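Only one structure is covered here, and it is reproduced in the block below.
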Amino acid sequence: MKTFKIVIIVFLLFFHIATAFVLTKADPDNLNFLMTVVDYLGVLMIGAYLALILFIAGIVLHFKAIKEANHNVKELENQVTNLKAKLYDKKELESTDKSLEVRPDANDQKSDQKKKDQNKE
């Protein structure tokens with residue numbers, strides 16, 4: 001798509017340079033030059049319409065690229081959010097595993113107490 005945009009820009013640049021060249025050659029006192037331009041009016045109109053179509057195509061492609069970039073940003077933000085959630089869940093899981101390792105279950109404490117009582121007897 002970038003190459004198509006470059007082609008559009010080059011063509012529009014060429015069109016504007018050609019138009020500027022024709023306008024600089026136009027002399028208000030030279031009626032003969034204006035008559036020759038009238039002979040090529042059909043070609044000039046086709047060129048003008050083609051330039052207008054290419055200009056509109058360039059604008060459409062520009063807005064399409066902006067929309068695609070915004071979509072990519074939203075998609076990346078969603079991925080970041082999902083990764084943060086996974087990281088939070090992993091940290092929570094690790095913290096609960098550590099807390100389980102630090103303090104034994106209540107059942108284990110009762111069985112340890114029974115063993116101590118039996119050892120005393």
Side-chain angles (χ1 to χ4, degrees):
M1 182 166 26
K2 288 185 179 184
T3 56
F4 187 67
K5 277 185 171 181
I6 292 172
V7 169
I8 289 173
I9 291 170
V10 167
F11 181 79
L12 288 175
L13 178 67
F14 174 73
F15 177 76
H16 284 94
I17 289 173
T19 304
F21 180 74
V22 168
L23 291 176
T24 56
K25 293 292 182 177
D27 186 17
D29 297 332
N30 191 355
L31 187 59
N32 189 23
F33 176 75
L34 293 177
M35 291 299 174
T36 58
V37 170
V38 170
D39 292 338
Y40 296 107
L41 190 60
V43 175
L44 290 174
M45 291 301 290
I46 290 171
Y49 288 135
L50 183 62
L52 180 65
I53 290 169
L54 287 175
F55 182 73
I56 291 171
I59 290 173
V60 168
L61 288 176
H62 178 71
F63 282 114
K64 186 177 178 181
I66 289 174
K67 184 178 178 182
E68 184 178 326
N70 287 339
H71 177 71
N72 288 341
V73 167
K74 288 180 183 179
E75 186 176 314
L76 290 173
E77 286 175 352
N78 286 339
Q79 287 179 359
V80 166
T81 304
N82 288 338
L83 289 174
K84 283 181 180 178
K86 287 179 183 179
L87 181 63
Y88 178 77
D89 291 341
K90 184 177 180 182
K91 285 182 180 179
E92 284 292 317
L93 183 62
E94 288 175 358
S95 67
T96 55
D97 287 345
K98 287 180 182 178
S99 65
L100 289 176
E101 290 173 5
V102 171
R103 65 186 162 140
D105 284 342
N107 293 334
D108 290 341
Q109 289 176 353
K110 289 180 183 178
S111 65
D112 288 341
Q113 187 66 29
K114 286 181 182 180
K115 286 180 185 179
K116 286 181 185 177
D117 291 339
Q118 289 174 357
N119 288 338
K120 287 183 182 179
E121 294 176 357

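Hydrogens, waters and symmetry mates are skipped; everything else that's a heavy atom, side chains included, is used. Since the structure is predicted, the reported quantities are computational estimates derived from the model, not experimental observations.
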Original post:
Would you say the side-chain atoms of His16 pair up with the backbone N or O of Leu12, donor to acceptor, closer than 3.5 Å?
Top reply: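 Yes.
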Original post:
Nearest 0.5 Å, what's the CD-CG distance between Glu68 and Leu61?
Top reply: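 Rounded to the nearest 0.5 Å, the CD-CG separation comes out at 11.0 Å.
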By side-chain contact (heavy atoms from CB on, under 4.5 Å) - contacts of [X] (at least two apart):
{"X": "Ile56", "answer": "Leu52, Val60"}
{"X": "Leu50", "answer": "Phe11, Leu54"}
{"X": "Gln79", "answer": "Glu75, Leu76"}
{"X": "Ile17", "answer": "Leu13"}

Original post:
What is the minimum heavy-atom distance between Ile8 and Gly58, and which atoms define it?
Top reply: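 Shortest heavy-atom contact: CD1-N, 4.0 Å.
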Original post:
Hey, quick one: are Val43 and Phe21 part of the same hydrophobic cluster, counting side-chain heavy atoms closer than 4.5 Å, chains of contacts allowed?
Top reply: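 Different clusters.
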Original post:
Do Asn70 and Ile66 come close enough that some side-chain heavy atom pair is under 4.5 Å?
Top reply: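 Yes, side chains in contact.
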Subject >> Within-4.5 Å side-chain heavy-atom neighbours: Glu94 and Lys90 >> reply: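 Heavy-atom side-chain distance check passes, below 4.5 Å.
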